[in-house]
Structures are given as C-alpha cells and as structure tokens.
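I have placed the structure first, in the form of structure tokens, so that the comments after it can refer back to it.
Just so we're clear, the structure is a prediction, and the values are computed from it rather than from any experiment. All heavy atoms count here, side chains included; hydrogens, waters and symmetry mates do not. Below, read A as the first sequence line, B as the second, and so on, with proteins coming before strands; counting in each chain starts at 1.
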There are 2 protein chains.
Amino acid sequence: MDKPAAERLAAPAAKRARGRPRKTAEQRDDGNRRGELLRCAARLFRRQGFDATSTRDIAAAAGMRSGSPFYHFKTKAALLYAVMEEGMHGAIARQQQAVARAGPGLAPAALLQALVRNHFEVLLGAGSDFVPVMLYEYRSISTRQRSRLAQLQGAYEAPWIPVLAALQQEGRLRADVKLARLLIFGALNWSAQWYDRRQAAGLDELTAAALDLFLARPAGEAP
Amino acid sequence: MDKPAAERLAAPAAKRARGRPRKTAEQRDDGNRRGELLRCAARLFRRQGFDATSTRDIAAAAGMRSGSPFYHFKTKAALLYAVMEEGMHGAIARQQQAVARAGPGLAPAALLQALVRNHFEVLLGAGSDFVPVMLYEYRSISTRQRSRLAQLQGAYEAPWIPVLAALQQEGRLRADVKLARLLIFGALNWSAQWYDRRQAAGLDELTAAALDLFLARPAGEAP
DNA sequence: CCTACCGATCGGTAGG
DNA sequence: CCTACCGATCGGTAGG
C-alpha cells in the first residue's frame, strides 16, 4: 500500500520539475510579488482592456500559475481597482512634487505649464500604464469604487482650479473656468489615444502646443 | 408510426407558442431587423463595452433568440465594425449638411463654430451611440478594419484643417495646426465621458466655451 | 504560491 | 429567424 502511494506522488512531482522553468533570482526572493502583479496587470489592461485580459494572462506575465493572483487579490475587479488607486496616488504625488519644484510665487501661466507637463508625463511617460487604465476602464468598476476614486481625482484636480481662475483674471483665459477645466483635461487625456512615444512630438513640444492653444498672449506682448 | 411523430412535433410547438410573447406589428413586418440590431448593439456597446456585452444581450434587446444575430452578421466583431462604420457615415453626412447650411464665404471662426457644434451633436445628441462606440472600442477591432475606419476619419477631419490654418493666419490660433487639431478633438471627444444630458450645460453653451478656449479674441476687439 | 478542478458563460453552428 | 447544441474559456476555489 505504501509503494503505489509514493509512486503516485513522485510521478507528478517529477513531471512538474521538468515542465516548469526555474525562476531567476529577481523573480523569486523580493517578496514584492504583489507589486509585480500590479505592474503586469496595468500593462495588459491598458493594451487589451480589462475584459479582454484574463487572470491567466496576468499570472503568466508575472511568472505565476493561473490560480495564484487570487492569493494576492480577492477578485479580478479588486486587482483592477488596485491598479487605478495606485495610479492616482502616484499621479498626485508627482503633481505635488512638480508644483513644489516650480516654486511658490510663480506666475499662473508658468504654474499651468508645470501642471500640464506633469500630466503628460503621468499619461505618456515610461512605465505609466496605471492612470490610462483608470481613464479608459472606468466603466468596469462598481459605483462604490468609482466614488472612492472620484475623491482622489478631486485631490488631483484641486490645484488646477485657482490657476485657471487667475488666468481668467489676467485675461488670458476667456472660457468659463469649470467648462475650461473639463475641456482641457479632455485635450490632455485624449493624447493617450494617439501619442506615439517612438515618433513625433516630445512632451515639451506637446506642452507648448497645449498652452498656446488654451492661453491668449499676455497683455502688452506683440502679436 | 405516424402518430407518435406528429405528437413529437406538436408538443414542442405548443410549448413555444405559450413561452414566447407575441411580437407587435412594428417588430415584425418592417424587414428592418438588421438596423434594429445595429441600434441595440450600439447602445449596449456604449453602456457596457464590447467585451462585456454578449450577443445574447443584443439579441434579447432586439427581440430575437440567441442565435439570430448571426443570421445578419457573421461574427460579433463584424457587428461592432458595422456599428462604427454606420457611425462614421452618419457623422460625415451630418457634417457636410452643417457646413452647407452655414453657407460659403463664412468667416473661419463661424465655420469652426459650425463644426464644433455639429461634433457635439454627433457625440452627445439623442440616439448617438454609434460614434462614441467607435471612439472607445477602437482596440476591439482588427488592424484591417482599423485602417478602413481611418479613411472615414480622414474624410471627417479634412474640413477642419483649412479652417484651423486660416484661423492661425488671422492670429486667432497660436498653436501648431496639426497638434491643435489633435488637442481640440481630444477636448471634444472626451465630453462623451462626462457630459450628462439631464443637467448642466446645453450644447450651445458647450460650443461657446470650446471656442472661447481655443480662439483668441479677434484683432481690434476690446478685451 | 501551486494543483486540480468546477460551474457558468460565451461565440458560433447545423439544420430546419 | 428559431432550436438545440458544442467546444473553449474564464473567474474563482479547496486543499495543500
């Protein structure tokens, strides 16, 4: 009775050792498997969409077996939400740094430039799949999660309002501030659809074009 | 031998007659079932996304059984493509009418206004799910279909370029024309994400805000 | 984190 | 356009 049982256990084990490639050092030890899952999920969600990406795809990209993502995330939807939340936290942190770097007492136009430039980086920079996923998969999360994200979005948008209001005071922005903010975010966000990192305009050039589009020439400057 | 066979046929037929609700006149005779399928698919694709909408959902919305959509469309992807193509044809036709209605010899700013206003109608007007589906499900079609749609998009975008170039000549548009077009379309297209028909701004107000945002005051006008 | 597996759903088809 | 059905895939789980 013992021998057959031992054989039943030994045979699959041997097969397994042959069938599964050995993991490299970076993949194994770091204990940072959850972060790796998030990065892989973000990249796949952006490229293929949430529904078109299976949890098996994500597991494979992270070097795991099909059931393992559910050790880190309760459901596929929870993984999506985590990607979005991570994206917003990163975007807010980057934005705060960008504003701080620009320094206080800066002219509103220069502040807007810093905000726009940072926004393009968050959207189009290297390794930035998280925020685009949030922008383009909003439909796939529950209303409960949506309202939690709306708070983070509010925090991200907050610094833009006074800047736009000041520019309107200066006479450099003619449109209604609230609608202007929506239209401006649209112009920027849509770039994730057409921007190609390998060609065409750089982020500086893009930023300049956006400011030229939105802002009138400062008073007293020659046309 | 004859009688049992007749019973086998009769019984399911009776069940069917009881289980399936009678169709009304409009649903039956018009021979326009394909168009109805397209409309239902567009609405569902827009609300839930392509992947999250099953062909069964679409069939049910059109009052059909699950297999019937495949009588009209070879695959689910072909149905999506048909929605997008229909959307573009409609948008181009509407745009040509809008430009013709505006009349020849119109000032570039007035022409841009007509184009923007029409674009908002195509995107946000009643019963306009087709173009938003094209904008937000571009990922879900093949590269072959994508390049066919790109031609239609080219036809749609064509009238915008000379108008923007003329505005730049007039000094009312400062940004690079090519990038300006991309940013402007982004600002408009993104409205499909946030615009709520039941509240807030009307399309006239939206159009005015967009023009205020993009265009500098005409030369000689008081600030 | 892996193995082995389940129930549900889905796109699509044959035949009428 | 309906009926009845198939094969594949998918999210998720129990048990280790």
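The interatomic distance linking A/Arg34 (CZ) with C/dC1 (P) rounds to 12 Å, in whole Å. One interatomic measurement links the two molecules: NE2 of B/His72 to C1' of D/dC2, which rounds to 12 Å at whole-angstrom precision. Following rounding to the nearest Å, A/Asp51 (CG) and D/dG11 (P) show an atom-to-atom distance of 9 Å. Rounded to whole angstrom, the span from the CZ atom of A/Phe70 across to the P atom of D/dG16 amounts to 21 Å. Between the CG atom of A/Asp57 and the P atom of D/dA8 there is a distance of 18 Å, rounded to whole Å. Here the P atom of nucleotide D/dA8 and the NZ atom of B/Lys76 are 19 Å apart, to the nearest Å. Atoms CD (B/Glu36) and C1' (D/dC1) sit 15 Å apart, rounded to a whole Å. Computed from coordinates, the A/Leu79 CG to D/dG11 P distance equals 11 Å when rounded to whole Å.
Side-chain proximity of A/Arg65 to the nucleotides C/dC2, D/dT3, D/dG11 is greatest for C/dC2. Which of C/dC1, D/dC1, C/dG12 sits closest to the side chain of B/Met64 comes down to D/dC1. The side chain of A/Thr55 sits closest to D/dG11 out of D/dG11, D/dG12, C/dC2.
Ring geometry, B/Tyr136 versus A/Tyr136: the interplanar angle falls from 30° to 60°, so the pair is classed tilted.
Ring to ring, B/Phe185 and B/Trp160 are close: their centroids are under 6.0 angstrom apart.
At least one donor-acceptor pair closer than 3.5 Å links the side chain of A/Arg33 to the backbone N or O of A/Ala62. For the pair B/Gln145 (side chain) and B/Ser142 (backbone), a donor-acceptor distance under 3.5 Å is present. Remark: side-chain polar atoms of A/Thr207 are paired, donor with acceptor, to backbone N or O of A/Leu203 under 3.5 angstrom. Side-chain atoms of B/Arg65 do not come within 3.5 Å of backbone N or O of B/Ala59 as any donor-acceptor pair.
Within the structure, the side-chain hydrogen bond (donor to acceptor under 3.5 Å, both in side chains) test picks out the following pairs touching residues 111-135 of chain B (sequence neighbours left out): B/Arg46-B/Asp129, B/Arg117-B/Glu121, B/Arg117-B/Asp204, B/His119-B/Tyr156, B/His119-B/Asn189.
Within the structure, every side-chain polar atom (N or O) of B/Arg56 is placed at least 4.0 Å from both OP1 and OP2 of C/dT9.
Of the residues near DNA chain D, A/Ser66 and B/Tyr71, the one whose nearest nucleotide (by heavy atom distance) lies more toward the 5' end is B/Tyr71.
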>> Expected output check: what is the dot-bracket annotation of DNA chain D, where ( ) and [ ] are pairs inside the strand (brackets for crossing ones), | is paired with another strand, and pairs are Watson-Crick or G-U under 3.5 Å?
In response: ||||||||||||||||
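Among the protein residues, A/Ser68 comes within range of the nucleic acid bases, having at least one heavy atom under 4.0 Å from a base atom.
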